[in-house]
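Everything on this sheet refers to the single structure shown next.
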Amino acid sequence: MLSNNRKYIIQFFIILVGVIYFFRLLYMQVIDESWALRAQEIAEKRKLITPPRGVMYDRNGIKIVSNKTYYNLMMVEAEIKYLDTNKLAKLLGWTPQQVKNRFYELRKGEGTYYNKHTHKRTSNYQKVRPYAFVKELSPEEIIRIVPHLDDFPGFYEEVTDMRTYPYPNGANILGYCAEVTQEEINKDKFYRPGDNIGRTGVEKVYENELRGKKGVHYIVTSALNNAIEPYAGGKFDTTAKQGPELRLGVDIELQVFGEELMQNKRGSITAIEPQTGEILAMVSAPSYDPNKFIGKRNITENYPKLINDPDKPLYPRPLAAEYPPGSSLKLVQALIGLQEGVITVKSGFPCNKAMVGCHNHPMATDIIKAVQYSCNPYFYYTVRRIIHKGRNKNFYRDAELGLNVWAEYMNSFGLGTKFETDIFGLRAGLIPNSKFYDKWYGHHTWAFSTIRSISIGQGEVKITPLQMANIVAIIANRGWYYTPHFVKKIGEDKAKIEFLKKHKTMVEAIHFDPIIEGMRRVVNEAGGTGSKARMKDIVVCGKTGTVQNSQGEDHSVFIAFAPMDNPKIAISVIVENAGWGGSWAAPIAQLMIEKYLKREIENKLKAQTIKETNLLNVKKKKDKYTIH
Amino acid sequence: MKREETLYKNLDWSLLIVLFLLLIMGVATVYSAAYNEKHPNLFDFSQKYGKQVLWVIFSCFLGFLVFLIDSSIYRKFAIPIYIFCILLLVIVLFMPSVNGAHAWLGIGNLGIQPAEFTKIGTAIALGSYLNKWNPKMQNSKTVIISNLILLVPMGLILLQPDAGTFVVFTSFLFVLYREGVTYDPLILSFVNLLPKVKFKETWIGTHFIPISFVLIVLSLTTLVLSRNLISLPFFPNVFISGVWGVIVFLFLLSLIFLWILRRISAKRERKKVNIIVLLGFILCCSLSITVNYGFESLASHQKERIELFLGLKEDPDGEDYNRNRAMAAVGSGALTGKGYKNASVASVEANHVPESETDFIFCPFAEEWGFVGSALLIALYLFLLLRIIFLAERQKSTFNRVYAYCTAMILFYHFAINIGMNIGFAPVIGIPLPFFSYGGSSLMSFTVMVFILLKLDSQRNDMLI
């Protein structure tokens, strides 16, 4: 009896082990995939083939971003049978110490990874693995090295692709690529150390399209890391697929011309096609040659220079610089006034300069003239009526409600909000609402008189040059816009769906006519502030602006669209520290419009003069108050 | 004529068929694991698979000889056989060492490992001794002599040193347990020294072997589990950690035990069962906690050694290389495997798994045949082991039963440890997988051992002792 029990205990042990092993194997082989992945890591070496990035074309089909073949000098330590450090250093143009340092760097730096379990950097450097000893050698450089490589067993060259830019322009639009960081590798399994990733601009926003699809070539490798055979006869291999080409809305010639006009100046030009929202040109001045930002060596050399430049060439002014809009905002104020019914086309206000200053101009007896003369008191009264419309008996409550209505109108013009678009580094600007001032001054302690400077586009209001150009596009379209964007076509596909959605402002089309008429007069009537933007055969509608600037001379602002009847281009020009709007911004806008609509510039001297003018070192001006 | 007819009639064919099945599968796997393109012929005797075929044929020939010999010879010559084995173990210590162990006896390339054959010798000696012993007479002498029969070869094997075979010899302790050798006399002689204590028997003494076995496994499991977060199979988001995980596990295990024991035990013993399970649970829990904190209080270099032994230290490309590669190979087999001779991790060209034709033979098999194949293999081994125990229990003589149990437990140990080290459940100690691994000595000794058992079984009615 007793020994029978023992028989069962022994059988129980055997069956228990069998059952445990059964489930363990079920788990290891069928359920848990980590061992299979580990096996892949060990044996099936996946050779990834990185395709060249997608190329980019401008709106007329001119190639603006393409790829160029570069070479990496690869090294496999196990195959280095002998090495003459001095000779290698000489071949590479390095010092022998640099060669030694590079070996050390590979072993201790690039040959390590962050171990999640131990939270330490762990070496996975293997002597049998290839590492890039020197990266990104140009064809000229590698051609000098290759014939001597026979003397250096263990070293060989490998082809890699990098960007090249046929035009030294548009760096702020296109952005640049750089090597992926470890964090990016951890986040996205697509990347391997040494891969390039879009850092800014279109390169970054369209990274997932441009990078294409990697090809995989599976090979079975041995413990010594030698390739044995293509895995499963190449059944699972995939070919690399280059990313689709991008067709940008940018007109590269216009962009080049704009950058030339803006050379030696600080500021920006933004041109939009009103019917589509496509950005035709976006100049950020000063700028830099995108060819300076290709590859690690290049970037390491040039980045510190550019980032330390006091004129900030890396700062994307058209979309990130937030300026007080100055007079250009008056157009929107007038539109809101008309829509809200607080003024009519025939309304007139005396230019009494009581609350806000103004310059000497004829009386603004209607809204057209108010726009034409940019009369400060006129808009002061208009905005006061918008805000204090009598929505509530309480004076402060009334201001609160009014301001929020006003801010809502502004938002519908794309102001104070960020566009959902393919522009990297975009900023929202600022349209203050009641919450903003409550925080600033306190609840129910402020009214229009407190915040009156917003009426003339000064004070807390801030908008970007892109938003300014978009206002013009809205006016040209009489009340609607498409989100400004760069890319119109991805491969054979249309642009992203959100770019095809028409945004309507809260102002009806009928109210735009007098504003447009006022803008026409600004440019085309004798004595108009924008007369420098006048063209013989094309009706340009514009508005000058001058932005006060505590740092120095006023910024010169001009916004315009043309032709008046069938608007093809809407543009905003800001030249920092260049004085009043009509002085520099207006002629630049005119030249841009002419270039875009006619492809040729008639008055070459005018263009030449502007190109040669240097406004970088304008001295600080004395405090003076003018608004045009 | 008559004898052959009896053999034919009384032979346990199912065991023989499973044995041949395993041998064939083994040769096929060795062929895949050691495949050499330049010598594609299976019968190319310059290659390992050629040699393995030779060994299999030779083993079967030996088995045939065994069938011819009357089985009473083993009982008669038990002592000389045992002494001969011990002598070989002594001689082998003076042989030049191969791979750091004095384990090989032979001339030139041909060599045998006496330790392999000592398993048979010890089994016979143990059977012979216990055959004359009356289980009702429990005294210190029986315990001591039966343990000495084991300890002498074990000591000599440890001197080689061959830790794997040493561990395998502890399997004989289970045979003692099955035969009812109790450690009570030894324990009582200590316990009864205490004043006013007069025990006649202790439950612990009787079940000393399985209890110590369970406790050792439990301690090691505690150490492994208390270091890691263990995700439970089938419950991907449930994690247990540390000693608490072990205690929860023990609790569940106790409930299962309680349920089983209450079903099979008599009604009047229920109370006893409850107390035993409760005491067992408390004992195991306190052991887990003690082991865990005892481990923490060790010096760091000692800890490191144990951690390496248990595979707790993450060092997949260093100390833990073999196990890591082996598990990767097994795990990558998936459901149906990569196909015969298609292993990519354990293949001979890749050579990621070292010793893939000997100690890690399960790797290429599991990688090539997947879960389906490995489950089938486990089923075959389970059938083999349970069948041998079934044969053991139907023997009329104690000698035959002891011998059969020895065979079963040896095979069980090899099976459990060898496959266990391929799936991360056992430390890597080099012991072969029976009938599978390349190697003459182990193959011959396992095959002969089973053939002797078959012969004994076929003649079980002849001898009535």
Side-chain angles (χ1 to χ4, degrees), chain A residues 1-45 115-118 120 122-126 218-229 231-233, chain B residues 135 174 177-180 206-207 210 213 231 233-234 236 260 264 314 316-317 324-325 327-335 337-338 342-347 349-354 366-367 370-371 374-375 378-379 381-382 385-386 389 392-393 405 408-409 412 415-416 419-420 423-425:
Chain A
M1 176 63 210
L2 204 91
S3 53
N4 263 346
N5 273 347
R6 297 179 190 170
K7 174 181 88 180
Y8 292 129
I9 286 178
I10 289 177
Q11 287 177 1
F12 173 78
F13 266 123
I14 293 174
I15 292 170
L16 183 70
V17 167
V19 168
I20 288 175
Y21 282 14
F22 177 87
F23 282 107
R24 171 66 170 172
L25 283 165
L26 180 68
Y27 179 68
M28 268 179 81
Q29 297 188 300
V30 184
I31 295 161
D32 184 17
E33 284 183 343
S34 63
W35 286 108
L37 291 175
R38 177 78 185 125
Q40 265 182 6
E41 254 175 61
I42 293 168
E44 292 156 29
K45 201 160 142 204
N115 189 325
K116 268 187 286 177
H117 299 288
T118 57
K120 274 181 206 154
T122 311
S123 173
N124 61 352
Y125 181 85
Q126 284 186 16
Y218 289 95
I219 29 177
V220 181
T221 59
S222 72
L224 294 174
N225 226 23
N226 301 320
I228 297 172
E229 58 189 7
Y231 176 69
Chain B
F174 281 92
Y177 169 66
R178 161 64 188 87
E179 287 305 312
T206 319
H207 297 277
F213 182 79
S231 65
F234 310 111
I260 293 173
I264 61 172
E314 253 209 38
D317 297 320
N324 184 274
R325 296 299 188 275
M327 288 175 73
V330 172
S332 68
L335 183 63
K338 295 177 185 168
N342 268 340
S344 56
V345 183
S347 75
E349 305 106 314
N351 199 24
H352 289 294
V353 181
E367 194 182 351
F371 174 67
S374 23
I378 289 194
Y381 273 111
L382 276 192
L385 294 169
L386 295 175
I389 287 178
E393 292 295 337
Y405 260 103
M409 293 322 291
F412 172 59
F415 158 75
I419 291 185
I423 59 177
F425 272 13

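Each chain gets a letter, A, B and so on, in the order its sequence line appears, and its residues count up from 1.
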* To do: Check the pair A/Ile15 / B/Leu386 against side chain to side chain contact (heavy atoms under 4.5 Å, CB included), numbers first and verdict last.
  => CA-CA 9 Å; A/Ile15 292 170; B/Leu386 295 175; 4.0 Å; yes
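- Proximity to chain A (any heavy atom under 4.5 Å) is shown, for B/Ile423, by both the backbone and the side chain.
- Although no hydrogens or angles enter the test, the distance criterion places no donor-acceptor pair under 3.5 Å between the side chain of A/Gln29 and the main chain of B/Gly333.
- The line from OG of B/Ser332 to CD of A/Glu33 is 12.0 Å long, rounded to the nearest 0.5 Å.
- Separation of atoms CD1 (A/Ile14) and CZ (B/Phe174) is listed at 9.5 Å; rounding is to 0.5 Å.
- For chain A, the nearby part of B/Phe412 is the side chain; its heavy atoms alone come within less than 4.5 Å.
- For B/Ile378, the part lying near chain A is the side chain, with the backbone staying farther off; criterion is any non-hydrogen pair under 4.5 Å.
- The choice from A/Val30, A/Asp32, A/Leu25, A/Val17 that makes the most heavy-atom pairs within less than 4.5 Å of chain B is A/Leu25.
- The side-chain hydrogen bond (donor to acceptor under 3.5 Å, both in side chains) search around A/Tyr21 returns none, not counting sequence neighbours.
- Neither the backbone nor the side chain of B/Ala379 comes within contact range of chain A, judged by heavy atoms closer than 4.5 Å.
- Of all non-hydrogen atoms in B/Ala328 and A/Arg38, the two that sit nearest each other are CB-CG, 3.8 Å.
- For A/Phe22 and B/Phe371, the gap between ring centers is short of 6.0 Å.
- Of the two parts of A/Phe12, only the side chain, counted from C-beta on, holds a non-hydrogen atom closer than 4.5 Å to a non-hydrogen atom of chain B.
- Within the model, atoms CZ of A/Arg6 and CD of B/Glu179 stand 9.0 Å from one another, a figure rounded to the nearest 0.5 Å.
- Of the listed residues B/Ala375, B/Gly337, B/Gly420, B/Ala392, the one with more heavy-atom pairs under 4.5 angstrom with chain A than any other is B/Gly420.
- Side-chain contact check for B/Tyr177 versus A/Ile10: some heavy-atom pair is nearer than 4.5 Å.
- Counting heavy atoms from C-beta outward, B/Tyr405 and A/Lys7 have side chains that approach closer than 4.5 Å.
- For the set B/Leu385, B/Ile419, B/Val330, the count of heavy-atom pairs under 4.5 angstrom toward chain A peaks at B/Val330.
- Residues passing the side chain to side chain contact (heavy atoms under 4.5 Å, CB included) test with B/Ala408 are B/Ile388, B/Ile389, sequence neighbours excluded.
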